[in-house]
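Nothing fancy with the numbering, it's 1 onward along the sequence. Read the numbers this way: they start at 1 and go in the same order the structure lists the ligands and their atoms.
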Amino acid sequence: MTFRIDPATVADAEAIARVHVQGWRESYKDLLNPASLAGLSVEERAAMWKEGLAVRDPGTLALVGRTGEGEAVGFAIGGPTRSEGTVPLGTEAEIYAIYLLDRVKRRGLGRALMAGLFAHFVRRGFASAGLWVLRDNGAARRFYEALGGEAGPEQDLELRGQTVTEIAYRFAPIPVLS
Ligand SMILES: CC(C)(COP(=O)(O)OP(=O)(O)OC[C@H]1O[C@@H](n2cnc3c(N)ncnc32)[C@H](O)[C@@H]1OP(=O)(O)O)[C@@H](O)C(=O)NCCC(=O)NCCS
């Protein structure tokens, strides 16, 4: 299976929203409670993505991964570190989100999306990058570790009405992935 990666535009908002919702439902079925996953709405997400992609600042990059037939099956977004939680991430850049549909996992698309974000961060002059991941999300943690990420501090957070624990991963310096 071959993939194409493009910068996302407003025209991709709906397709990304579908991946976002299906990606959460598939990947978080054992991590978040069923009611909060059932309550996810493609329409709401699409509206958020439309707004976000229309006014993106130049430090932020959203990438969409497509199959050879052009179907959106994954996305990643990152930029300057946001100060949302109680514990500082401690890096200059942040991967805000990366999601793939189950049927395209483990074929190198996640790594390719991270490579695109890392290259963007380096071009923008960021010296380090990091992210927050659910502590119990073992698959994603193995992925970040395979790319050279180092586990950092933990923080608790309210996510769709549920208290969850996240753990930071940091890349310093930012790796150049082929
Ligand atoms: C995490 C995610 C982005 C990884 O993308 P992917 O395309 O499946 O991963 P890749 O094929 O690029 O994997 C690269 C390497 O990471 C490691 N890796 C990836 N998934 C793994 C898993 N489930 N278990 C163990 N190691 C894994 C492997 O070393 C892999 O190399 P290999 O396949 O040659 O052994 C993807 O699985 C995903 O979207 N998961 C659900 C959403 C999610 O949890 N996002 C993170 C939110 S913070």
Side-chain angles (χ1 to χ4, degrees), residues 1-6 8 12 15-34 36-37 40 42 45 48-49 52 60-68 71-79 81-82 84-85 87-91 93-121 128-160 162-171 174-178:
M1 195 179 256
T2 55
F3 299 105
R4 205 178 75 221
I5 293 179
D6 301 309
D12 297 308
I16 292 177
R18 272 198 297 275
V19 174
H20 207 155
V21 168
Q22 191 178 334
W24 270 56
R25 288 189 177 143
E26 291 176 346
S27 301
Y28 290 161
K29 59 181 182 300
D30 299 325
L31 299 174
L32 297 183
N33 66 48
S36 60
L37 292 178
L40 291 167
V42 173
R45 293 275 162 166
M48 281 169 41
W49 277 100
T60 301
L61 179 67
L63 295 172
V64 57
R66 305 181 213 272
T67 61
E71 184 197 1
V73 288
F75 70 89
I77 181 167
T81 296
R82 308 171 295 191
E84 283 188 339
V87 178
L89 182 56
T91 58
E94 178 174 358
I95 294 100
Y96 306 143
I98 176 167
Y99 288 95
L100 268 57
L101 300 183
D102 267 357
R103 66 187 148 91
V104 297
K105 283 180 185 167
R106 214 63 196 266
R107 290 180 162 91
L109 178 58
R111 181 187 167 90
L113 287 166
M114 291 288 283
L117 287 186
F118 283 155
H120 167 77
F121 293 155
S128 55
L131 55 94
W132 291 102
V133 57
L134 294 178
R135 190 182 57 192
D136 296 338
N137 187 351
R141 292 182 60 178
R142 298 294 89 74
F143 169 69
Y144 298 128
E145 285 160 10
L147 302 188
E150 296 216 358
E154 297 184 2
Q155 69 175 357
D156 286 342
L157 151 120
E158 283 298 307
L159 189 60
R160 301 189 65 81
Q162 192 176 343
T163 303
V164 296
T165 303
E166 293 181 316
I167 183 166
Y169 273 85
R170 293 164 174 161
F171 299 83
I174 297 174
V176 177
L177 301 178
S178 51

Atom of [X], atom of [Y] and distance for their closest heavy-atom approach:
X      : Y      : answer
Met114 : Leu131 : CE-CD2, 4.4 Å
Phe171 : Gly149 : CE2-N, 3.1 Å
Gly74  : Leu113 : C-CD1, 4.4 Å
Ala72  : Val64  : CB-CG2, 3.9 Å

Please state whether [X] comes within less than 4.0 angstrom of ligand 1, counting heavy atoms only.
X      : value
Gly108 : yes
Trp132 : yes
Leu131 : no

Look at [atom] and say which protein heavy atom is nearest, naming residue and atom and giving the distance to 0.1 Å.
atom                    : result
atom 25 (C) of ligand 1 : Arg142 CB, 3.4 Å
atom 45 (N) of ligand 1 : Ile98 O, 2.9 Å
atom 13 (O) of ligand 1 : Phe143 CD1, 3.8 Å
atom 29 (O) of ligand 1 : Ala146 CB, 3.3 Å
atom 39 (O) of ligand 1 : Leu100 N, 2.8 Å
atom 41 (C) of ligand 1 : Ser27 OG, 3.0 Å
atom 42 (C) of ligand 1 : Tyr99 CD2, 3.4 Å

Does an N or O from [X], backbone or side chain, lie closer than 3.5 Å to an N or O of ligand 1?
X      : answer
Arg106 : yes
Ala140 : no
Tyr144 : no
Val133 : no
Gly110 : yes

>> Run the side chain to side chain donor-acceptor pair (under 3.5 Å) test on Tyr169 and Glu145 for me, step by step, so that the C-alpha distance in whole Å, both residues' side-chain angles and the decisive distance to 0.1 Å come before the verdict.
In response: CA-CA 8 Å; Tyr169 273 85; Glu145 285 160 10; 2.5 Å; yes
Using a 4.0 Å cutoff against the non-hydrogen atoms of [X], which atoms of ligand 1 qualify?
X      : result
Arg107 : 11 (O)
Arg111 : 12 (O)
Leu109 : 7 (O)
Tyr28  : 47 (C)
Ala139 : 21 (C), 22 (C), 23 (N)
Lys105 : 8 (O), 37 (O), 38 (C), 40 (N), 41 (C)

> Can a protein heavy atom be found under 4.0 Å away from atom 11 (O) of ligand 1?
Replying inline: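 Yes; the ligand atom in question has protein heavy-atom contact below 4.0 Å.
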Enter the distance from [X]:[atom1] to [Y]:[atom2] here, rounded to the nearest 0.5 Å.
X      : Y      : atom1 : atom2 : result
Leu117 : Ile5   : CG    : CD1   : 9.0 Å
Asp156 : Arg135 : CG    : CZ    : 7.5 Å
Glu166 : Glu154 : CD    : CD    : 10.5 Å
Asp12  : Arg18  : CG    : CZ    : 10.5 Å
Glu94  : Thr60  : CD    : OG1   : 10.0 Å
Asn137 : Thr165 : CG    : OG1   : 13.0 Å

> Can you tell which part of Tyr169 has a heavy atom less than 4.0 Å from ligand 1: side chain, backbone, both or neither?
Replying inline: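 None of Tyr169 does.
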> Just heavy atoms, cut-off under 4.0 Å: does Asn137 contact ligand 1 by side chain, backbone, both, or neither?
Replying inline: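 Side chain only; the backbone of Asn137 stays clear of ligand 1.
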>> Can you classify the ring geometry of Trp24 versus Tyr28 as parallel (below 30°), tilted (30 to 60°) or perpendicular (above 60°)?
In response: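 Aromatic pair Trp24/Tyr28 classed perpendicular.
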>> In terms of relative ring orientation, are Phe75 and Trp49 parallel, tilted or perpendicular, with 30° and 60° separating the classes?
In response: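 Phe75 vs Trp49 ring planes: perpendicular.
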> Counting heavy atoms not belonging to Gln162, are there more than 12 under 6.0 Å from its CD?
Replying inline: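 Check passes, neighbour count above 12.
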